[in-house]
Amino acid sequence: MKRRKFLKNSAAGSAGLMATPILVGCKDKKVAKESTLIGKQSVIPIVIATWDVPNATAKAWEVLEADGNALDAVEKGVMMEEADVENQSVGKGGRPDRDGNVTLDACIMDKDGNCGSVVYLQHITHAVSVARKVMEDTPHVMLAGQGALQFANEKGFTQENLLTEKSKLEWMEWKKTAKYQPVINIENHDTIGMLAIDKNGDISGACTTSGMAYKIGGRVGDSPIIGAGLFVDNEVGGATATGVGEEVVKTVGSFLIVELMRQGKSPQEACEEGVKRIVAKNKNYKDFQIGFIAVNKNGETGGYCIQPGFSYRTFSKDGHINHPSKAYITS
Ligand code: SD4
């Protein structure tokens, strides 16, 4: 579709959404609360992703602009990072575990609440696409390790060596001291969580990572765990996370944020509450990073983190923008 027509359709979609009061997530009209979205201008289609990943958000936007659906947009979008060997937190080129094995975690979730996930997947660059196959071609949600690899092989994915020379040399350097101390915003930077709303107003999300660098072999983080690293509810919105996954899992962070939006909070308010829950439970919150992003049904976005330095990208008719995130710690 030509850009002009696309923008026209977007505007029509926005007007439609603005005129219709949205009852959020509750079938009982007596207790249903009107969303805080009412009256605010819709910005769909839209894509939002953790960190400054312009290639990924541009790819997702390309899909949305060509009339594609949100599910294809998030898959194609995050695949850009999985294939980028310069991104050492995702896919090929990702940093290995402490034994030198690159193990990937990924998940995907669609507008109907279907989801697929792979954990501890080795040798396959596009973990998100294997997760999508789990969702679409199996009665299961999650496949792990050897089983996930066998499934990927059956589906025709090509096995590759994911450990690049650069990541291998860094790992060998790390082994000299073998101290496991994640460095905030640097060492474990760039896990990609992405949410998109297509022109029909349908939401999907994906999240993919090589996890914490030099983790214990077998460790799985938040990113492939539905509700922790990613959650989408097509009635309400979506949320996704980056940072120290263990802390996100403990609060089921992304699910929490979507539920807070269901109760009427804006994406920004919901992300702030999600981070504050983690801070409240951790005396040592200054030592690690968590970043959440969220989008609601109307295309409003938000992001919040513990440490300054996190950012997220959006692509919509308003432009392709990198947003430095507000942080809990201000100095
Ligand atoms: C994990 N949440 O495996 C991921 C790491 C991450 O940017 O987000 N890195 O815990």
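Numbering of ligands and ligand atoms starts at 1, following listing order.
The aromatic rings of Y214 and W174 sit parallel to each other, their planes meeting at less than 30°, with 60° as the upper class boundary.
Taking a cut-off of under 4.0 Å to the non-hydrogen atoms of T242, the atoms of ligand 1 that pass are 6 (C), 7 (O), 8 (O), 9 (N). The contact set between ligand 1 and G211, taken as ligand atoms under 4.0 Å from a residue heavy atom, comprises 3 (O).
Sorted by first and then second residue, the pairs that involve residues 135-153 and meet salt bridge (charged side-chain N to carboxylate O under 4.0 Å, His left out), not counting sequence neighbours, are R132-E136, D137-K155.
The side-chain contact (heavy atoms from CB on, under 4.5 Å) check on K175 picks up W171, with sequence neighbours excluded.
Taking the six-membered ring for Trp and the full ring otherwise, Y285 and Y328 have centroids separated by under 6.0 Å.
For R219, the heavy-atom gap to ligand 1 drops under 4.0 angstrom. Residue contacts with ligand 1: G243 is included, with a non-hydrogen atom under 4.0 Å away.
Within 6.0 Å of CD on Q146 lie no more than 12 heavy atoms contributed by other residues, nucleotides or ligands.
Of all the listed residues (V248, T209, V249, D222), D222 holds the heavy atom that lies closest to atom 1 (C) of ligand 1.
The shortest N/O to N/O separation between E246 and ligand 1 does not fall below 3.5 Å. At least one N/O-N/O distance between G245 and ligand 1 falls below 3.5 Å.
In this structure, a donor-acceptor pair under 3.5 Å is present between the side chains of N322 and S311.
Only the side chain of S223 comes within contact range of ligand 1, with a heavy atom under 4.0 Å; no backbone atom does.
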